[in-house]
Number of protein chains: 2
Amino acid sequence: MSRAPAEPIAARISRELADRIVAGQIAAGSRLRQDHVAVEFGTSHVPVREAFRRLEAQGLVESEPRRGVRVCGVSLDEMREIAEMRAALEVLALRHAAPHLTQSILDEAEEATRAGDRAGDVQAWEEANRRFHRLILSPCAMPRLLRSIDDLQTASARFLFAGWRAEWETPTDRDHRAILAALREGDLAAATAVLARHVQWIGQGPKRRPPLVR
Amino acid sequence: MSRAPAEPIAARISRELADRIVAGQIAAGSRLRQDHVAVEFGTSHVPVREAFRRLEAQGLVESEPRRGVRVCGVSLDEMREIAEMRAALEVLALRHAAPHLTQSILDEAEEATRAGDRAGDVQAWEEANRRFHRLILSPCAMPRLLRSIDDLQTASARFLFAGWRAEWETPTDRDHRAILAALREGDLAAATAVLARHVQWIGQGPKRRPPLVR
DNA sequence: TCCATCCAGATTATAGATAGTTTTCTTGTC
DNA sequence: GACAAGAAAACTATCTATAATCTGGATGGA
């Protein structure tokens, strides 16, 4: 069949650039010039501009009217802000998702936690961590809320990759298991409390070295 | 003087379309066709497409890859979702803003409440209401949070204008004054509790008539 | 005979490329 | 340090291609 992808080029560019920004391959504060990006992707700058708007909405770049776009910074303040927003919104989502959680979803979440334990690098751990959160939150059936949470998780991942690569994993698996245990017992209050603390833990920043603002 | 605005056309189009959608001049569910909009504004379709991306980020329209964009619906579920998100985020913002609130800010907020009392139509009331919230929240100095809240308030206004035009105003001024009183006394817990209830009250929907989904 | 389904052509709309204009930044000169 | 000329980049318009939708009509079945 070899059906043409039918995915607009703008979407592809925005995905690719988002990945690079999150991975830290594009430095914070650096300018993105539409012609250069266009040349690199072998397209014109028109879809590039649309991709920029998308990244702007995700909070990965900021744009000034006639002066181009630049990658957002990764300061400690921004990190805390995002962590607190995540905590507030994920608690809300979990509160609505809890009544619709099934045994099989909880089992899948358990498996995601184990995958996080087995993860050898940050990327794999982050993916497992995000899968865990998505699993227990998406049954809330609130699409706008889930989209916001997803954008915030992307931004969180950016901090994770940018700053410190050592101290992931250890306490999170405990938190994940505590959340699952509370959910299995129907103790929603305990589950949301642990979730809030767990998310904000990420926002506490590095214990030893500063967050490598490039 | 008379400096050319230097505001990109895309920004102007997105503002104008957002106003119309919020005001209910463009029906929920109707399609927006880029070259029609372009003809109306006397431009090409390129800035129109960028405006669409902006509206999509604000949650006013939804876009399918090669099938165009259409105005989001205004169901009761979406309304509740937005109200709950607002409650969660505005409480967070107030918690961080409270330490930085000054006497003059509270006085201005009081004045905004009075302006809401005096408002003769929904538009004026909505503007005063939004000014009140912005005043007491913006000292939190969390730009990303404030942007999210602003988008949610825009969506709220849409429901307000779309569905029912009778029952605004009455209880809200009481809530606003209760929030201000609690803030003046330094009772942050009471202030956030009233704020959360107050915001979710909007999400309760019309008491008598259904929300006029067009 | 009437109705539903499906297909081909025409029409419409989205998406992207190319080219030109305007604004901003840079560099060289006084 | 200020200013002007040049370069670079953002922004928009026009044109083109590709995908989706709509129309009419044919076919098959009850």
Side-chain angles (χ1 to χ4, degrees), chain A residues 1-21 25-73, chain B residues 1-21 25-73:
Chain A
M1 285 302 164
S2 84
R3 202 175 157 286
E7 184 195 34
I9 296 180
R12 194 169 63 82
I13 295 176
S14 104
R15 253 192 316 107
E16 177 68 27
L17 288 180
D19 284 348
R20 288 192 206 168
I21 293 173
Q25 294 171 19
I26 306 181
S30 65
R31 291 185 57 167
L32 291 178
R33 276 174 291 240
Q34 53 186 32
D35 301 358
H36 295 197
V37 177
V39 168
E40 186 197 326
F41 282 88
T43 69
S44 79
H45 65 260
V46 179
V48 174
R49 289 178 56 79
E50 291 186 34
F52 283 176
R53 291 276 116 66
R54 233 174 239 231
L55 297 173
E56 190 182 4
Q58 290 184 299
L60 291 176
V61 307
E62 45 197 356
S63 140
E64 289 177 287
R66 294 202 180 248
R67 325 212 1 214
V69 305
R70 57 179 58 238
V71 180
C72 285
Chain B
M1 297 279 168
S2 85
R3 204 175 156 283
E7 182 194 38
I9 297 180
R12 195 169 62 85
I13 295 177
S14 101
R15 253 191 316 107
E16 176 69 26
L17 289 180
D19 284 347
R20 288 190 206 171
I21 293 173
Q25 294 170 19
I26 305 180
S30 64
R31 290 184 58 166
L32 291 178
R33 274 173 287 239
Q34 55 186 24
D35 17 3
H36 293 200
V37 177
V39 168
E40 185 198 326
F41 282 88
T43 69
S44 78
H45 70 95
V46 179
V48 174
R49 290 178 57 79
E50 292 186 33
F52 283 174
R53 291 283 167 278
R54 241 187 146 85
L55 296 173
E56 191 182 5
Q58 289 184 299
L60 292 176
V61 306
E62 44 197 357
S63 135
E64 290 176 286
R66 290 196 184 254
R67 320 206 12 205
V69 306
R70 58 180 57 236
V71 179
C72 286

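All values below were derived from every heavy atom in this structure, side-chain atoms included, with hydrogens, water molecules and symmetry-related copies excluded. Residue numbers begin at 1 in each chain, while the letters A, B, ... track the order of the sequences.
Sequence order on DNA chain C of the closest nucleotides to A:I9 and A:R67 puts A:I9 first from the 5' end. Each of A:T43 and B:L32 has a nearest nucleotide on DNA chain C; the 5'-most of these lies closest to B:L32.
Using a 4.0 Å heavy-atom criterion, one finds that A:I13 contacts no nucleic acid atom at all.
In this structure, B:H36 places its NE2 atom 16 Å from P of C:dT11, rounding to the nearest Å. To the nearest angstrom, P of D:dA8 lies 15 Å from CD of A:Q34. Here the C1' atom of nucleotide C:dC25 and the CZ atom of A:R70 are 13 Å apart, to the nearest Å. The CZ atom of A:R33 sits 11 Å away from the P atom of D:dA8 (whole-angstrom rounding). Following rounding to the nearest Å, B:R53 (CZ) and C:dG16 (C1') show an atom-to-atom distance of 13 Å. The separation between A:E64 atom CD and D:dA10 atom C1' is 13 Å, rounded to whole Å. Atom P of nucleotide D:dT21 and atom CZ of B:R31 are separated by 7 Å, given to the nearest angstrom. To the nearest angstrom, C1' of C:dG16 lies 15 Å from CZ of A:F41.
Closest to the side chain of A:P47, out of C:dA17, D:dT14, C:dC25, is C:dA17. If you check C:dA13, D:dA9, D:dT12 against the side chain of B:P8, the one that comes closest is D:dT12. The side chain of A:V46 lies closest to C:dT18, out of C:dT18, D:dA20, C:dA13.
Separating the CD1 atom in A:I21 from the CG atom in A:L32 is a distance of 5.5 Å, to the nearest 0.5 Å. Interatomic distance, CD of A:E56 versus CZ of B:R54, reported as 5.5 Å (0.5 Å rounding). Considering CG of B:D35 and CZ of B:R49, their distance stands at 10.5 Å, rounded to 0.5 Å.
For the pair A:E50 and A:S14, the minimum side-chain heavy-atom distance is 4.5 Å or more. Taking the side chain as every heavy atom from C-beta outward, A:R15 and A:E7 approach each other to under 4.5 Å.
Within the 4.0 Å cut-off from OP1 or OP2 of C:dT22, not a single side-chain nitrogen or oxygen of A:R66 is found.
Residue-to-nucleotide contacts include a donor-acceptor pair under 3.5 Å from the side chain of A:H45 to the base of D:dT12.
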